[in-house]
J.: 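Attaching a single structure in structure tokens format; questions to follow.
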Amino acid sequence: MNTKYMNPYLAGFLLGLLLLVTIFITGRGLGASGAVKSAVVATMNTVLPWHTENTHFYQEYREEHAESPLKNWLVFEMMGVIIGAFISGLISNRLSLKLEHSPKIKSRTRIIGAIIGGLLFGFGAQLGRGCTSGAALSGMAVLSAGGIITMAAIFGGAYAFAYFFRKLWI
Amino acid sequence: MAPLVPDIIGNELNLVIAIIIGIAFGFILEQAGFSTSKKLVGLFYGYDFTVLRVFFTGGVTAMIGVIILGHYGLLDLSLIYVNPTFIWSAVVGGLVMGLGFVIGGFCPGTSVCAAAIGKIDAMIFVGGSFLGVLAFAEGYPLFENFYKAGAWGNIRIFELAGASQSLFAFLLVFMAVTAFAVTTMIEKRNNGFIDSDLKPLKLYYGLAVIALVIGISAFAFPERQSSLKLESNNPELVAKSKFEMMDSDELAFRLLDNDKSIQILDFRTKEEFKELSLPKSSNWMMDNVFGKDIHKKLVTKHMKNVIIANDENEGKRLGFIASELGYKDIYVLKGGMTEFKNLILYFKRPETSTRQMLATYDFREKASKKLPELIEANKKLMNTDEKKTKRVVGGC
């Protein structure tokens, strides 16, 4: 069993080809956070239908998406991601249920970090109209100004804040 | 011509393709090592730059591919989705995401990927991002003004910088290669060794040189679109082209005869077209000739495509470009719309006429009465006939 990771340049090249094929077929790039948005809208529509009918954000979403929020390209793509990552983990012998964290911090600290980090990323991806996949990577492929600015802000921001959270990782 | 959705691939099949693309996406991310937060944040602490290598190689590869496909007319760049720019939300949103990255150790795509192989911290991160989107949705009225401020449209970065696309692409590739070299040095200093995978440095230098040569050649060979436009100014080249001419009488006759085998492509301005447009005609601009909409029209079999412009030379230029692009059965209106108006629409019988011309004049007189009626009738139909392929919408 080989658990070594792929050469990063080869992986990047394959990722680039995949992105190119995606643009060639569908006219748009890859994404991730859009699927989370669809999931949130679908959940809220089911749990609190009276609330979403009167709330501005969901109303705007309905105007932009005629179909059900789950019948969405990015939702199907993310289902594929789960399958693909699972297959990859299976053949490279990396499937295991574990909470990964630096030995210097407690599990609880990692859990809190993951929740807050996820929350910030989810929020930021809405504000920035896309995350590392949809805005930064796909934006770079089509040389979108907004995408590249968001990319610079994500990585610039991460470097700027990295020092303050170094204890979480090193 | 691409994109293939929605004309060649329907919307339902597109969802099946979404799953297949997703599987490949997830597989590549996991194989690259994006399923562990240790590797992802290594970039920000200088011990592992895998993310930077994968990310930049991927972005640059796709970008070059898009430019090449566009360059050779295989992909209509005016139809692909370009993320819109809202400057303030792009910057602040990006900074918030950067903060989330160093606290949480993942980004949305990689967290789903890591969750799929059993990382509990990643599953928690996914839950957190769910809450983050929910917080945005519920607090939307508070952020809406900020979210929509500074709208610059679907602008592309080289337009913003006032540079050419190839120059900008070249700069980006140069930046990526520099970043690869510098980060490998930093990694070596911090870790004391170089990953054996990255050792065949000569190979990478070789590839970089090839990339450089290709990059420079892109400057040497002008883009097909602009080179065709330039060539169309050369009368000698235009004269050799394969399109044919159609004179005003023939066009008028075919229109009166309700000939179903012609379609007219009108290249005058929108205003002129609105004021007076012939039956069976549609309005286009020169840049449309390279697009996907006109392609659909021009590939219709057994159709004579009549190009009309105000004057004949303009029409010939367009006829030349269309023929060079490989379109068949291209006709250009002789004398342009100006002559058509003079000879047919506003026909005045000359006082003296030779015997040979008599029949022609009779026809023209008849046409000058009948055609305006057809034009009038056609005007009513026009309003319902505006259907153009829209730019793909969507995004993250």
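Proteins come first, then strands; the chains are lettered A, B, ... in the order of their sequence lines, and each starts at number 1. What you see is a predicted model; the values in this text were computed from it and never measured.
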J.: Determine, step by step, whether Phe180(B) and Tyr9(A) satisfy the ring pair (Phe, Tyr, Trp, His ring centres under 6.0 Å) criterion, reporting the C-alpha distance in whole Å, the side-chain angles of both residues, the deciding distance to 0.1 Å, and the verdict.
T.: CA-CA 10 Å; Phe180(B) 296 153; Tyr9(A) 297 115; 5.0 Å; yes

J.: Under 4.5 Å from any heavy atom of chain A, what part of Phe56(B) do you find: side chain, backbone, both or neither?
T.: both

J.: Within 45° of the axis and under 6.0 Å from the centre of the six-membered ring of Phe86(B), does NZ or CZ of Arg129(A) qualify?
T.: yes

J.: Would a line drawn from the ring center of Tyr163(A) to the ring center of Tyr45(B) be shorter than 6.0 Å?
T.: no

J.: Ring centroid separation for Tyr147(B) and Phe57(A), is it under 6.0 angstrom?
T.: no

J.: So what's closer than 4.5 Å to chain A heavy atoms on Val41(B): side chain, backbone, both or neither?
T.: side chain

J.: Heavy-atom distances under 4.5 Å only: say whether Leu168(A) touches chain B with side chain, backbone, both or neither.
T.: side chain

J.: Please identify, among Ile82(A), Leu15(A), Leu18(A), the residue contributing the most non-hydrogen atom pairs under 4.5 Å to chain B.
T.: Leu18(A)

J.: Can you say whether Ile170(A) sits under 4.5 Å from chain B via the side chain, the backbone, both, or neither, judging by heavy atoms?
T.: side chain

J.: Where on Arg166(A) is there a heavy atom nearer than 4.5 Å to chain B: the side chain, the backbone, both, or neither?
T.: both

J.: So, are Glu12(B) and Lys71(A) salt-bridged, with charged N and O less than 4.0 Å apart?
T.: yes

J.: Is it the backbone or the side chain of Tyr58(A) that comes under 4.5 Å from a heavy atom of chain B, or both, or neither?
T.: side chain

J.: Between Glu64(A) and chain B, with a heavy-atom cut-off of 4.5 Å, which part of the residue counts as in contact: side chain, backbone, both or neither?
T.: neither

J.: Which of the residues Ala39(A), Gly118(A), Gly122(A) is involved in the greatest number of heavy-atom pairs with chain B at under 4.5 angstrom?
T.: Gly118(A)

J.: Between Phe101(B) and Phe121(A), is the gap from one ring center to the other below 6.0 Å?
T.: yes

J.: Measuring heavy-atom distances to chain B, does Leu97(A) have an atom under 4.5 Å in its side chain, in its backbone, in both, or in neither?
T.: both

J.: When only pairs under 4.5 Å are counted, which of Ser96(A), Gly12(A), Gly146(A), Gly157(A) shares the most heavy-atom pairs with chain B?
T.: Gly12(A)

